[in-house]
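Predicted model, so just to flag it, every value in this text is computed and none were measured.
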Amino acid sequence: MKMVNAFNMKRAAAGLRRINLDGLRWRVFDAKGQILGRLASQIATVVQGKDKPTYTPNRDDGDMCIVLNAKDVCVTGRKLTDKVYYWHTGQVLCLKHFSLNIDIMVYRYVGHLKERTFKDQMAKDPTEVIRKAVLRMLPRNKLRDDRDRKLRIFPGSEHPFGDRPLEPYVMPPRSVREMRPRERRAMVRAQKKAEQQQQNTDGTKKGKKREAPEESA
C-alpha cells in the first residue's frame with residue numbers, strides 16, 4: 001500500500017517541468033462536502049485564469065489547482081446511481097482463418113461501448129470524477145492539455161507540494177432557493193400579511209393607551 005501511495009505521489013508531481021510556474025499561485029481546493037458541479041465550475045474558472053483582471057482567451061495564465069479529499073465529494077439527487085460514464089474502447093480482436101486465408105474480425109465489446117456508474121467510478125478512482133467534470137467545462141482548444149497539467153487531484157489530504165506557497169481557496173457562499181417559486185411567493189405574502197397585522201395590532205394598542213389618560217382626566 002505504501003508503494004502504491006509513493007507511486008501516486010511521484011506521478012502527481014510529474015510533468016511540472018513542462019509548465020511555466022513563474023508568477024503562478026498554488027490554489028488548494030478542499031472537496032470534502034462540496035457539490036461536484038459547483039466545485040468543478042470554480043476550479044475551471046481558476047485554471048483558465050478568469051478570476052484575474054489580465055485574463056485573455058488565447059493565453060494560459062491560470063493558476064495551479066490542487067484538489068484534496070476527492071473521495072468525499074458529494075452529488076445531489078440520485079446521481080450516485082443514475083449518472084453513468086461512457087467511453088469507447090476501440091478494441092477489436094482480429095483472427096486469421098488459415099484454411100480460407102481470410103481475416104475474421106471478432107468484436108471484443110458489443111458496440112465498442114463501456115459504461116460505469118458514478119458510484120463505481122468513485123470506488124475505483126475518485127480523482128477521475130473531478131477531472132472529467134472540470135475538463136468538460138473547459139473550451140476544447142490547444143490550451144486544454146496545458147490546463148489539464150495544472151490540475152492535481154488527490155483522493156485524500158496528502159500531497160507532495162508541501163514546500164510550495166499554498167493558498168487555500170474559499171468557496172463563495174451559496175444562494176440556493178429551497179422552495180419552488182410559487183411556494184416561496186406564497187410564503188413571502190404570508191410573512192408580509194403577518195407583519196401588517198402585527199403593525200395594526202400595535203397601532204391599536206398605542207391608541208388605547210393614549211385615550212385612557214384623557215378619560216381619567
Side-chain angles (χ1 to χ4, degrees), residues 1-75 79-80 83 85 87 114 116-174:
M1 188 67 181
K2 292 182 179 179
M3 295 180 62
V4 174
N5 291 335
F7 172 75
N8 292 336
M9 292 298 175
K10 186 177 180 180
R11 182 181 177 184
L16 292 179
R17 297 178 181 178
R18 303 183 63 179
I19 304 174
N20 186 12
L21 300 177
D22 296 339
L24 298 184
R25 295 181 295 177
W26 292 73
R27 315 295 293 275
V28 181
F29 294 81
D30 190 1
K32 188 174 183 178
Q34 296 292 338
I35 304 300
L36 175 62
R38 188 167 178 268
L39 175 66
S41 63
Q42 297 296 323
I43 296 174
T45 301
V46 176
V47 166
Q48 296 179 78
K50 281 190 172 183
D51 58 337
K52 297 181 179 180
T54 58
Y55 167 73
T56 50
N58 61 334
R59 292 178 56 186
D60 185 22
D61 295 334
D63 296 326
M64 292 290 299
C65 295
I66 302 174
V67 184
L68 305 178
N69 300 318
K71 61 181 180 180
D72 298 326
V73 73
C74 301
V75 290
K79 297 185 182 71
L80 194 65
K83 184 177 178 63
Y85 294 96
W87 71 95
K114 296 187 73 175
R116 186 180 294 147
T117 61
F118 181 88
K119 186 177 181 179
D120 296 338
Q121 182 63 42
M122 288 292 292
K124 183 176 179 62
D125 188 7
T127 61
E128 283 298 315
V129 171
I130 299 179
R131 184 179 303 278
K132 288 181 179 180
V134 174
L135 290 182
R136 290 171 182 177
M137 293 183 180
L138 299 178
R140 291 170 175 82
N141 51 23
K142 63 181 181 180
L143 301 177
R144 194 181 187 193
D145 293 339
D146 296 336
R147 290 165 177 170
D148 185 20
R149 295 188 188 98
K150 293 182 178 180
L151 182 60
R152 308 289 164 152
I153 308 173
F154 302 93
S157 59
E158 298 179 358
H159 61 89
F161 305 114
D163 57 339
R164 303 286 182 172
L166 305 179
E167 299 180 14
Y169 185 85
V170 180
M171 295 288 292
R174 299 187 64 184

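Looking at Ile130 and Leu36, their side chains come closer than 4.5 Å, going by heavy atoms from C-beta outward. A heavy-atom distance below 4.5 Å is not found between the side chains of Val129 and Lys83. Between Ile43 and Arg27, every side-chain heavy-atom pair lies at or beyond the 4.5 Å cut-off. Between Trp26 and Leu21 there is a side-chain heavy-atom pair separated by less than 4.5 Å. Using a 4.5 Å heavy-atom threshold, the side chains of His159 and Arg152 count as separate. The closest side-chain heavy-atom distance from Arg25 to Val46 is not below 4.5 Å.
Between Arg38 and Ser41, the closest heavy-atom pair is O-OG, 2.7 Å. Shown here for Ala70 and Pro126, the closest heavy-atom pair between the two residues is O-CB, 3.9 Å. Contact between Arg147 and Pro139 at its shortest, heavy atoms only, is NH1-CG, 3.6 Å. Shortest non-hydrogen contact noted between Asn69 and Ser157 is OD1-N, 3.4 Å. Taking each heavy atom of Pro172 and Gln42 in turn, the nearest pair found is CG-NE2, 3.7 Å. Residues Thr127 and Phe154 approach most closely at CG2-C, 4.1 Å, considering heavy atoms.
Distance check: Met64 CE to Leu166 CG gives 10.5 Å after rounding to the nearest 0.5 Å. Distance CG/Asp30 to CG/Asp72: 8.5 Å, rounded to 0.5 Å. Here CG of Leu138 is found 11.5 Å from CG of Asp146. Values are rounded to the nearest 0.5 Å. A distance of 6.5 Å separates OH in Tyr169 from OG1 in Thr45, rounded to the nearest 0.5 Å.
Applying the salt bridge (charged side-chain N to carboxylate O under 4.0 Å, His left out) criterion to Arg59, with sequence neighbours excluded, gives Asp61. For Phe118, the ring-ring contact (aromatic ring centres under 6.0 Å, His included) test picks out no residue, with sequence neighbours left out.
Here the side chain of Arg144 pairs a donor or acceptor atom with the backbone of Leu135 at under 3.5 angstrom.
Within a 6.0 Å sphere centred on NZ of Lys119, heavy atoms belonging to other residues, nucleotides or ligands number 12 at most.
The only option from Lys150, Lys50, Lys52, Arg149 that meets the salt bridge (Lys or Arg N to Asp or Glu O under 4.0 Å) definition with Asp60 turns out to be Lys150.
Sorted by first then second residue, the salt bridge (charged side-chain N to carboxylate O under 4.0 Å, His left out) pairs that include residues 129-142, not counting sequence neighbours, are Glu128-Arg131, Arg131-Asp148.
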Check against side chain to side chain contact (heavy atoms under 4.5 Å, CB included), Arg164 and Ile66: CA-CA 11 Å; Arg164 303 286 182 172; Ile66 302 174; over 6 Å; no
